[in-house]
K.L.:
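Just dropping this structure here.
So that the names make sense, note that chain A is the first sequence line, chain B the second, and so on, each numbered from 1.
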Protein chains: 2
Amino acid sequence: MSSERASGAATLEEVAAAAKVSLATASRAINGSARKVNPEYRERVLAAARTLNYSPNLAAQAVAKGGTSTVALVVADISDPYFSSIASGVMRAAEERGLIVTIGSTERRPPRETALVRVLRGQRPRSIILVGSRLAAQESDRELGDELKAFEKAGGRVTMVSQPQLPFRTIDIRNREGAAALAAQLVNHGYRSAAVLTGPADLLTARERATGFADAFAEYGHPIDERWLVPGDFTRDGGFLAAAELRRRGLGEVELIFAVNDVMAVGAMAYLRSTGVRLPEDVAIAGFDDIYSLRDITPALTTVSLPLELIGRKAVELALDDDQDGDSRVPIHGVPVLRESTPLLVHA
Amino acid sequence: MSSERASGAATLEEVAAAAKVSLATASRAINGSARKVNPEYRERVLAAARTLNYSPNLAAQAVAKGGTSTVALVVADISDPYFSSIASGVMRAAEERGLIVTIGSTERRPPRETALVRVLRGQRPRSIILVGSRLAAQESDRELGDELKAFEKAGGRVTMVSQPQLPFRTIDIRNREGAAALAAQLVNHGYRSAAVLTGPADLLTARERATGFADAFAEYGHPIDERWLVPGDFTRDGGFLAAAELRRRGLGEVELIFAVNDVMAVGAMAYLRSTGVRLPEDVAIAGFDDIYSLRDITPALTTVSLPLELIGRKAVELALDDDQDGDSRVPIHGVPVLRESTPLLVHA
DNA sequence: CTGTTAGCGCCTTCAG
DNA sequence: CTGAAGGCGCTAACAG
């Protein structure tokens, strides 16, 4: 029937032909800079584009211009509310700037992080944003760092949301301070003995929170016995299991349990409750993050509130602003929020 | 010092030069199909690529091959656990197939949906997957449908996770049946009077769940008075406010409240609790979705369980499998899960 | 198997 | 302001 190809999108050339102008003019009318093309031509081109349902081929533009308008986001697990909240902020900020976001999930496996970056790099994104705790083992970061450096050398930008462990721009979440501030407030509330569900030993975020809390608690005169530091996964189930282990070790004297994130706290609460422990009467509990969808659990969870969405926004700002050192840091401070799960403790 | 350009990634041509082979050979060694290149050359090329930190330019490949290995995902709100769970499934399935996923959020604004598709289309993804309820107003879908059709005509694939409202492949979540099944079980549990927090009137998903439940409940002999159907947003706050409105209308005789999704149910619970209503003693409550991170709320929430991750996987399968009609449907059935929030009701 | 040569779709000088 | 032509990085015939 018509001369349209059965498959394949309309091309700029076809649009130009339909509008009876040159390819160059069509290009200028559609994607070129401001009013530089005769209004009449412009109209014709736009009309042709519309009827042909033209959609500019971003890949072609990218190779022609030598650059994309894409940002790549790498998270550990998109179904975890911590990451999805940050992702939400990243996406909003990106969209405001007309950027497309490409996303990858490491599923909490460090090697996948490097593999992902390797692939994403091929996209030539303006920036690669890595969200997620670094590990203590520097070794695993070696390859990743190399890959990232190569990306930077080629003109890309790297932004990390985690620990300023690698030499890139980073949103530095002050876990240690946040946990310490929480400890301070809880001591003020009368707590004297605490247990800490520390999370994975090699996860920096977990470690900073755990030691930040424990150190502060000790500093205020209540050192935490090592047997009350129980490790586990950084997940709900990790919290559940850790609580079980804690109980096995006997938690008779423990007044308060600090889980290094909210999700773990919730898991711990589920376990404790299942064994008849009353919360917060028998034991108080606190988390970290202040996950939005968890604000309605009972008892309301004391935690350290982090501006997750904002962190996402800041990450893209940091990634895209020119006047930034290649390794500048933006500190983010969490604020302790005391709720029902840690009532005032009056000692007899 | 060296001849490396200060900026810009290494190019295949540079790799070829460094390895002293032709561009074509380098291409074949790195991205070409199987063993067709002399092992020695291959080694040289790979070595050169490594030292130059070469990363294939995906955009260029896309232009040359006339196709990408990307899938575009459009969700209403990535920070909502419902969507992030589905997104997780999509990403996993995509990664298994070596696909990169690009993601966009409509922020629950229908017009943005069309705008997003328009942009994403430029990427020439293999498929565009739209996740989120359709609206009742056909009108808003008109433009979107056109855009999507154009995308398909150009060889792309469209997959929807929602209602089979538009003529594309769709994962059809049987909300109506799920809600009806829940109603049946609750009637068996002794419930005779229910209120429904119906969500937004124009959101099909909400509507199907609400009427599915109400119709079934009526069918079993317990029609629901219209004043106990209270609308609201599809969010936690929507549930909170709807519960408040419900209470205003007097919920004395209501034994059970069905919120059309878990998040709303949680909001409603928060409100009720804040006014001294005991759950589930004073009133039972149920939701829909079975959001993972909400499984530990108290009392444990009765709901209709949906395999969210699986839905995401199926969406990419449906999108990519060739032996599928352009408008095939895959039904997904939710299963009612009764928990503490709806105890057996024994009438005096 | 290898190298040469066209393009892919688009942008961008560069002359008219 | 417009059109012709070259080039972006890579793949895919096509000859050697």
K.L.:
Is any side-chain N or O of B/Thr11 closer than 4.0 Å to OP1 or OP2 of D/dC10?
P.N.:
yes
K.L.:
With a 4.0 Å cutoff (strictly under), does any side-chain N or O of A/Gln61 reach OP1 or OP2 of C/dC10?
P.N.:
no
K.L.:
Roughly, in whole Å, what's the span from CG in A/Leu12 to P in C/dT12?
P.N.:
12 Å
K.L.:
Within this structure, what is the NZ-to-P distance between B/Lys65 and D/dA12, rounded to whole angstrom?
P.N.:
6 Å
K.L.:
Check whether any side-chain heavy atom of B/Leu204 sits under 4.5 Å from a side-chain heavy atom of B/Leu135, and report yes or no.
P.N.:
no
K.L.:
Is any side-chain N of the basic residue among A/Arg92 and A/Glu95 closer than 4.0 Å to the acidic one's carboxylate O?
P.N.:
no
K.L.:
Just the rounded figure in Å: distance from C1' of C/dT2 to CD of B/Glu43.
P.N.:
18 Å
K.L.:
Measure the CG-CG distance between A/Asn57 and A/Leu12 for me, rounded to the nearest 0.5 Å.
P.N.:
10.0 Å
K.L.:
Rounded to whole angstrom units, what separation is found between the CD1 atom of B/Ile30 and the P atom of D/dA12?
P.N.:
15 Å
K.L.:
Taking only side-chain N and O atoms of B/Ser27, does any of them lie within less than 4.0 angstrom of OP1 or OP2 on D/dC10?
P.N.:
no
K.L.:
OP1 or OP2 of C/dC8 sitting under 4.0 Å from any side-chain N/O of A/Asn57?
P.N.:
no
K.L.:
What's the closest nucleotide to the A/Val21 side chain, out of D/dG9, C/dC10, D/dG3?
P.N.:
D/dG3
K.L.:
Would B/Glu309 and B/Lys314 pass as an ion pair if we require N to O under 4.0 Å?
P.N.:
no
K.L.:
By nearest heavy atom, map B/Val63 and B/Asn38 onto DNA chain C; which one lands nearer the 5' end?
P.N.:
B/Asn38
K.L.:
Rounded to whole Å, how long is the line connecting atom NZ of A/Lys20 with atom P of D/dT2?
P.N.:
17 Å
K.L.:
If you measure from the Lys or Arg side-chain nitrogens to the Asp or Glu carboxylate oxygens, is any gap between B/Arg134 and B/Glu113 under 4.0 Å?
P.N.:
yes
K.L.:
Expressed as a whole number of angstroms, how long is the span from B/Glu13:CD to D/dC10:C1'?
P.N.:
10 Å
K.L.:
Identify which nucleotide among D/dA4, D/dT2, D/dC10 has an atom closest to any side-chain atom of A/Val37, counting heavy atoms from C-beta outward.
P.N.:
D/dT2
K.L.:
Using whole Å, what does the distance between atom P of nucleotide D/dC8 and atom CG of B/Leu23 come to?
P.N.:
12 Å
K.L.:
Given atom CZ of A/Arg44 and atom P of D/dC1, what is their separation to the nearest angstrom?
P.N.:
16 Å
K.L.:
Would you kindly compare B/Tyr41 and B/Ala64 by the position of their nearest DNA chain C nucleotide and give the one closer to the 5′ end?
P.N.:
B/Tyr41
K.L.:
D/dA4 phosphate, OP1 or OP2: any side-chain N/O from A/Ser22 under 4.0 angstrom?
P.N.:
no
K.L.:
Could you tell me whether the phosphate oxygens of D/dT11, OP1 or OP2, come under 4.0 Å of any side-chain nitrogen or oxygen in B/Asn31?
P.N.:
yes
K.L.:
Any donor-acceptor pair under 3.5 Å between the side chain of A/Arg28 and the base of D/dG3?
P.N.:
yes
